[in-house]
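Chain A is the first sequence line, chain B the second, and so forth, proteins listed ahead of strands; every chain is numbered from 1. Since we're looking at a predicted model, the values are computed, not measured.
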Number of protein chains: 2
Amino acid sequence: MEKVSKPHAARMVFAKNLRQVRRLKEVSQEALALQAGLSRTYVSEVERGERNVSIDNMGLLADALGVKLKELLDPEMLKTL
Amino acid sequence: MEKVSKPHAARMVFAKNLRQVRRLKEVSQEALALQAGLSRTYVSEVERGERNVSIDNMGLLADALGVKLKELLDPEMLKTL
DNA sequence: ATGTGACTTTAAGTCCGTA
DNA sequence: ATACGGACTTAAAGTCACA
């Protein structure tokens, strides 16, 4: 049996990593949203995997946190820290 | 001077890598679109960086090509091949 | 086999509030 | 500081005909 990846797998990885990195850097959702030029409520939803975030906004969020975008897409990100 | 990343940097990296991997695997836009469950014209636009593609669709495209999504976001992807 | 413009439908993204 | 909801506007998703 081929393991087929779930529909929102990438979305959930990004959501989880985003929150993890943000907390590690001790920045609030508000501050992150401001830095990225996005709304606070939106960032909240992205972190919970409720929004199908676009690549442009992913780039803004990665930049705002000072990390590479590819890192936020890495399911193993925790270990690389 | 701090080098500030351009607005659509991530989008263009993804576009370029997507096309590169697709051609390397010798699959047409049509076949890729079919495999990913997307329209052919849409894939064409994504590869040219004209569409602000969502993370869900990025996941579908990465899966269809049999690569990790994080690889398609790596600006240095060429060298890792 | 791919690029492009025009188009409609859907969901992204914002802003207000509450707890 | 964050989750969540409603109402709203903008942009992405998705399709088509033709170059």
Side-chain angles (χ1 to χ4, degrees), chain A residues 4-67 69-70 72-73 77-78, chain B residues 4-67 69-70 72-73 77-78:
Chain A
V4 165
S5 60
K6 293 160 68 181
H8 302 312
R11 182 202 291 209
M12 296 319 289
V13 169
F14 182 78
K16 187 175 180 179
N17 287 356
L18 182 67
R19 173 161 287 182
Q20 205 123 93
V21 170
R22 179 181 63 77
R23 285 182 169 161
L24 206 68
K25 305 230 172 187
E26 298 187 68
V27 36
S28 69
Q29 287 182 349
E30 243 166 0
L32 173 58
L34 182 68
Q35 182 74 21
L38 298 170
S39 78
R40 210 215 85 247
T41 56
Y42 180 66
V43 171
S44 169
E45 291 169 304
V46 169
E47 280 193 358
R48 278 176 284 128
E50 292 185 358
R51 292 283 186 160
N52 185 13
V53 61
S54 71
I55 191 170
D56 284 1
N57 283 349
M58 292 171 73
L60 289 173
L61 289 166
D63 282 358
L65 283 178
V67 295
L69 178 51
K70 56 173 290 197
L72 294 180
L73 270 308
M77 191 206 68
L78 313 91
Chain B
V4 166
S5 61
K6 293 160 67 179
H8 302 310
R11 183 202 291 207
M12 296 319 289
V13 168
F14 181 79
K16 188 174 179 178
N17 288 355
L18 182 67
R19 172 161 289 181
Q20 205 124 99
V21 170
R22 178 181 63 77
R23 286 182 169 160
L24 206 67
K25 305 230 173 187
E26 297 186 68
V27 36
S28 67
Q29 288 182 347
E30 244 165 0
L32 172 58
L34 182 68
Q35 181 74 20
L38 300 170
S39 79
R40 186 197 58 74
T41 55
Y42 179 66
V43 172
S44 168
E45 291 168 305
V46 169
E47 279 194 358
R48 276 174 288 123
E50 292 186 355
R51 292 275 189 160
N52 185 14
V53 62
S54 70
I55 191 170
D56 284 0
N57 282 348
M58 292 170 73
L60 289 173
L61 289 167
D63 282 357
L65 283 178
V67 295
L69 179 50
K70 57 173 289 198
L72 294 179
L73 269 308
M77 191 206 67
L78 313 90

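- Applying the 4.0 Å criterion to OP1 and OP2 of dA11(C), one finds that Asn52(A) has every side-chain N and O outside that range.
- Between the side chains of Ser44(B) and Arg40(B), not a single donor N or O lies within less than 3.5 Å of an accepting N or O.
- Here the CD1 atom belonging to Ile55(B) is positioned 3.5 Å from the CE atom belonging to Met58(A), to the nearest 0.5 angstrom.
- Atom CG of Leu32(B) and atom C1' of dT2(C) are 13 Å apart (whole Å).
- One can place CG of Leu38(B) at 9 Å from P of dA13(D), the figure rounded to the nearest angstrom.
- For the pair Ser39(A) and dT14(C), the criterion of a side-chain N or O lying under 4.0 Å from OP1 or OP2 is met.
- Each of dT4(C), dC4(D), dT2(C) was ranked by its minimum atom distance to the side chain of Gln29(B); first place goes to dT2(C).
- Note on Asn57(A): every side-chain N or O is 4.0 Å or more away from OP1 and OP2 of dA12(C).
- For the OP1/OP2 pair of dA3(D) and a distance below 4.0 Å, the side-chain nitrogens and oxygens of Ser44(A) include at least one atom meeting the criterion.
- Closest contact between the side chain of Thr41(B) and the listed nucleotides dT2(C), dA3(D), dT15(D) involves dT15(D).
- Stem analysis of DNA chain D (Watson-Crick or G-U pairs, both distances under 3.5 Å, runs of at least three) returns C:3-19 with D:2-18.
- Phosphate contact (OP1/OP2 of dA11(D), side-chain N/O of Arg51(A), threshold under 4.0 Å): absent.
- Taking side-chain N and O atoms only, Ser54(B) has a distance below 4.0 Å to OP1 or OP2 of dA13(D).
- The shortest distance between the side-chain N/O atoms of Tyr42(B) and the OP1/OP2 oxygens of dG14(D) is not below 4.0 Å.
- A close approach under 4.0 Å does occur between a side-chain nitrogen or oxygen of Arg22(A) and OP1 or OP2 of dT2(D).
- Side-chain proximity of Arg40(A) to the nucleotides dT14(C), dC4(D), dT2(C) is greatest for dC4(D).
- Side chain of Arg19(A), nearest nucleotide from dT2(D), dT4(C), dA13(D): dT2(D).
- Contact annotation: Arg48(B) side-chain N/O to dT4(C) OP1/OP2 distance is under 4.0 Å.
- Rounded to whole Å, atom P of dT2(C) lies 8 Å from atom CD of Glu47(B).
- If you measure from atom CD of Glu30(A) to atom P of dC15(C), you get 14 Å, rounded to the nearest angstrom.
- The distance from atom CG of Leu34(B) to atom P of dT15(D) is 12 Å, rounded to the nearest whole Å.
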